[in-house]
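Scroll down for the structure; my scribbles are underneath it.
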Amino acid sequence: MITRTRMARWAIAPAGIAVAAVALSACAGDTSDTAPTPNADLPQDIVFAIKEDAGCIDPQQTSVTTALNVGRQLTDSLLDQDAETGEIVPWLAESWEVSDDLTSYTFTLRDDVTFSDDTPLTSEVVAANFDAIIELGGAASLAAAYLEGYTGTEVVSDTEFTVSFDTPNVAFLQGATTMSLGILSEASATATAEERCAAPIGSGPFVLDSYVANDSIVIDRREGYDWPSELRGHEGEAYLETITFPIITEASVRTGGLTSGEYDVIQDLPYIDEARYTTDEYTLYAKANPGVPNGFVVNTEQGLMGDETVRQAITMGVDREQINVIAGSVSGSAPTSVLTSSTPGFTDLGDTLAYDPEGAAELLEADGWELGSDGIYERDGETLTVAVTAFYAQDVLEAAQQQLREVGIDLQLNMVTAGDFFGVIASGDYEMLGAGLTRTDPDVLRVLLSVDSPSRWGIVDDAELEALLQEQRETADADARQEIVDEIQQIVAERAYVIPTLETVQLHASRAGVEGIAFDSASRLNLYDTVVTSE
Amino acid sequence: MTSPAQRVDAMGPRRGSVGTVARFLLPKIGQALFVVWASYTVAFLLIHALPGDPILAALAVRGGDATTTDPAVLDELRARYGLDGPLWQQYLGGFFGIFRGDLGVSIATGLPVSETILRVAGPTTALAGFALIVGFLIALAFTVWAYLARPAWVRNVIVQIPPLGIAVPAFLTGLVLITVFSFGLGWFPASGASGFASVVLPGITLALPTAAIFFQVFSAAVFDAGASPFVFTANAKGLSQSAVVFRHVLRNAMLPAITIIGLQVGYLAGGTAVVETVFSRDGIGRLTVDSVLARDINVLMGVVIVVATVYAVVTLVVDALYGVIDPRTRTALAGAKPISAAKEVRT
């Protein structure tokens with residue numbers, strides 16, 4: 001249970017674009033043409049049980065899913081992204097232009113937007129927001145990652161401004177649709193990190209009423225809100241008057257409360273309980289996190305990981321379908337690429353990543369490995385032992401461990417705390433990391449594998465790959481970039497630099513009388529269209 | 001007409017002077033200070049002996065997979081949270097900070113630790129207080145019931161009931177209570193820490209193990225007292241059952257129960273984590289668990305200091321109470337023999 005909870009917790013942030021059809025059976029709410037309307041006889045209030053104290057609800061600073069689910073309701077972003085097509089549309093910005101070399105982005109803002117402290121949205125405010133994120137640095141690491149190479153925001157007029165970077169930043173546009181780059185009022189942007197955490201002021205359809213640590217968060221409808229993006233199902237103010245988020249850490253209390261009617265919606269339904277809530281009385285909401293799926297990220301400088309044959313044998317020896325059955329959501333599917341199926345630019349590489357234990361054996365034996373008496377391969381007195389360091393999803397790793405053992409590969413699990421995990425990354429002392437990396441853009445593979453990336457988890461020495469990673473970053477043309485991204489995925493999967501195991505799915509549930517809960521482009525929830533339709 | 005208590009009372013010393021009280025209390029205050037210092041020192045050493053970087057751990061709580069590992073950023077944060085400089089400096093700085101009421105700043109939230117602990121102190125005090133009182137009453141009720149029960153096999157059955165309170169895990173009790181009284185009957189809220197109603201279910205969950213421990217000590221003392229000559233005498237004189245039980249037996253069985261209160265408060269101050277998690281209450285137990293998980297060592301040290309202080313103060317008060325409740329202590333003191341009633345009772 002803990003593993004599950006923690007895994008979802010780390011499945012952070014942004015954008016899910018159903019570029020490929022994900023078999024997410026109960027993914028409701030994305031379709032705006034059938035948007036439900038409120039039942040006038042019922043109070044438009046819901047109780048939404050969340051699974052942990054968000055700690056900080058400033059969406060720029062946190063990357064905890066729970067906090068982002070709350071923060072999304074309080075803040076708007078410059079742009080919005082269609083969760084189905086991946087198309088980017090205006091939101092706070094009416095229009096935008098991108099320079100050919102992807103180093104400067106010019107936006108034109110709507111002129112009728114105000115924050116909940118009644119101050120207007122201007123170019124100055126946006127500039128203050130971005131400057132503050134850079135200033136926060138490590139405390140706003142995800143938002144700062146979207147602003148990689150930021151050199152400043154030039155204010156042209158009250159509604160026009162240009163954001164500049166010293167290197168091409170292809171992920172910025174997608175980043176601008178996420179709540180991580182959600183825009184806060186000038187007062188919030190210039191406040192201290194702690195003040196912002198407790199009470200961020202945004203221009204969103206809801207306003208923070210109260211936040212009691214470890215107890216509850218209450219948000220109220222913003223009077224006079226009138227600037228949703230065109231992707232939403234209606235215009236004007238939000239339907240719900242009040243949303244109460246009690247913080248219920250114990251999963252069985254959340255599910256019990258949903259059954260008894262105490263809660264209308266619950267966050268993070270444990271996968272194991274999923275089957276109980278497939279009846280007509282409930283609605284399930286499931287969506288895979290975008291980015292690199294949970295899996296093994298290799299360090300080719302350690303142990304046997306420099307040996308491509310070994311890496312390929314591992315990737316062939318992992319039965320992803322079975323792992324998904326054992327440790328995944330019924331609504332999810334096994335990963336078929338080194339990007340998740342909800343990431344823009346995803347290419348199905350099911351053949352490359354097929355389960356093939358015989359193939360793995362052939363590969364190893366052709367390379368001089370011999371099966372030892374204990375069922376583990378050996379060569380020149382060295383056993384085929386590899387180690388993975390991780391801090392969540394132990395069940396996934398244990399399943400992989402069993403599968404690899406049958407193939408003759410000894411996988412050692414090294415479970416550590418989150419802090420130690422990043423300590424290990426800092427020291428480079430690991431053979432493989434067991435984790436996923438959540439980002440909205442295929443640029444995530446560069447973030448993970450490129451030599452100059454601040455989040456370089458995968459240590460590989462591959463000039464061909466490096467060149468492609470840099471090239472996609474500088475390519476503005478979508479089709480041309482897609483070709484490069486395809487090639488990158490093929491190389492990373494084939495050379496087994498990333499060995500995917502499971503697509504992490506965000507799974508929530510509501511009673512049937514609450515409708516219009518939608519996943520936004522960031523696989524986080526947007527409750528603007530949410531209504532109470534029946535008791 | 002003289003029960004033992006009254007008899008001792010009669011010859012009880014009214015001779016107590018300030019000097020006597022000081023002689024009794026000063027060593028105990030010294031002990032209390034030692035407990036706080038020793039807790040601080042041991043906790044400090046243990047926390048700093050653990051491998052890993054608390055700054056990275058705290059950053060990972062908020063940053064998730066975007067957590068930075070840039071050494072320059074980490075150094076800057078280390079300085080900000082008082083985790084730079086040699087260990088002895090941090091040790092002394094932290095220790096003297098206690099006396100200024102400065103427990104440092106939480107690494108995970110950036111808020112002052114004293115403010116954070118103050119926030120959780122209210123809900124935890126309410127919960128622990130409720131559990132202590134209800135637990136004591138349950139133990140008292142079962143003890144009297146068992147004492148009066150006849151025949152012996154009924155008494156033996158009753159004596160077996162309270163230990164169930166500690167045998168059944170609080171986690172299970174809590175979930176059963178929530179299912180029946182919150183989700184089923186809707187009488188009490190399943191979560192939160194606002195209002196008296198929110199204390200009831202977690203309070204009862206916590207009261208059961210508390211009652212079990214009280215009962216163990218209390219019933220043993222009551223049965224001991226019940227078998228003593230003065231009760232035999234009281235019965236023989238034809239005193240009513242209730243007079244015997246309440247005036248003679250319970251009164252004499254009180255001391256061990258009070259001794260155990262000190263330990264119970266210590267347990268409740270730190271042992272509420274499971275209950276607070278199940279009932280989604282804010283409180284010191286959950287704060288402890290969260291700060292352990294986040295390696296938020298500043299908060300952790302703060303919790304250790306506060307809990308150690310509470311424990312030391314309660315023990316001090318209990319020790320002082322012996323002087324009030326047990327006349328023998330006063331006698332001993334008046335006789336210039338600094339003898340601890342606690343020792344006497346325990347042996």
Side-chain angles (χ1 to χ4, degrees), chain A residues 9-13 49 53 55-56 61-65 67 137-145 180 192-194 197-198 212-216 246-250 252-253 256-257 259-262 291 391 416-423 425-427 435-439 447 454-455 457, chain B residues 50-74 76-77 105-106 108-112 116 119-120 123 171 174-175 178-179 182-184 186 189-194 198 276-283 286-287 289-290 292-295:
Chain A
R9 171 178 185 143
W10 291 107
I12 57 160
D53 186 5
C56 172
Q61 288 190 64
T62 183
S63 29
V64 177
T65 303
S141 45
L142 182 57
S180 298
T192 66
E194 290 76 28
C197 273
V212 182
N214 267 333
D215 186 84
S216 62
I247 296 160
I248 309 297
T249 44
E250 180 47 44
S252 55
V253 176
T259 312
S260 75
E262 180 142 337
F391 68 103
V416 297
T417 63
D420 292 342
F421 180 82
F422 291 99
I425 290 175
S427 69
L437 189 62
T438 306
R439 292 288 188 283
V447 172
S455 293
W457 295 3
Chain B
L50 288 175
D53 184 345
I55 292 288
L56 262 183
L59 277 184
V61 169
R62 225 188 277 165
D65 63 13
T67 299
T68 177
T69 51
D70 181 353
V73 176
L74 298 182
E76 186 193 314
L77 289 169
V105 176
S106 161
T109 63
L111 298 172
T116 309
R119 183 196 85 209
V120 298
F171 190 78
L175 285 180
I178 287 179
T179 308
S182 294
F183 296 156
S191 65
S194 48
S198 77
E276 281 167 353
T277 304
V278 172
F279 287 92
S280 313
R281 281 177 67 89
D282 199 12
R286 224 168 124 193
L287 181 70
V289 172
D290 288 347
V292 168
L293 289 178
R295 291 280 323 266

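Every chain is numbered from 1, with letters handed out A, B, ... down the list of sequences.
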Region of B:Leu111 that comes under 4.5 Å of a non-hydrogen atom in chain A | both
Hey, could you give me the CZ/CD distance between B:Phe279 and A:Glu250, rounded to the nearest 0.5 Å?
-> 11.0 Å
Which atoms of B:Arg119 approach chain A - backbone, side chain, both or neither, heavy atom under 4.5 Å = side chain
Under 4.5 Å to a heavy atom of chain A? For B:Thr179 that would be neither
Just by distance, do the side chain of A:Thr249 and the backbone of B:Thr277 share a donor-acceptor pair under 3.5 Å?
-> yes
The reported gap from CG in A:Asp53 to CG in B:Asp282 (rounded to nearest 0.5 angstrom) is 7.5 Å
Contact summary for A:Ser260 and B:Phe183, nearest pair of heavy atoms = OG-CD2, 3.2 Å
Among side-chain atoms of B:Arg281 and A:Asn214, is any donor-acceptor pair under 3.5 angstrom?
-> no
Hey, which of B:Leu287, B:Val120, B:Leu56 has the most heavy atom pairs under 4.5 Å with chain A?
-> B:Leu56
Select one option (side chain, backbone, both, neither) describing which atoms of A:Thr62 are under 4.5 Å from chain B's heavy atoms.
-> both
Would you indicate whether the side-chain heavy atoms of A:Val253 and B:Ile178 approach each other to under 4.5 Å?
-> yes
Please state whether the side chain, the backbone, both or neither of A:Ala193 comes within less than 4.5 Å of a heavy atom of chain B.
-> neither
To the nearest 0.5 angstrom, please state how far the CD1 atom of A:Ile248 sits from the OG atom of B:Ser280.
-> 3.5 Å
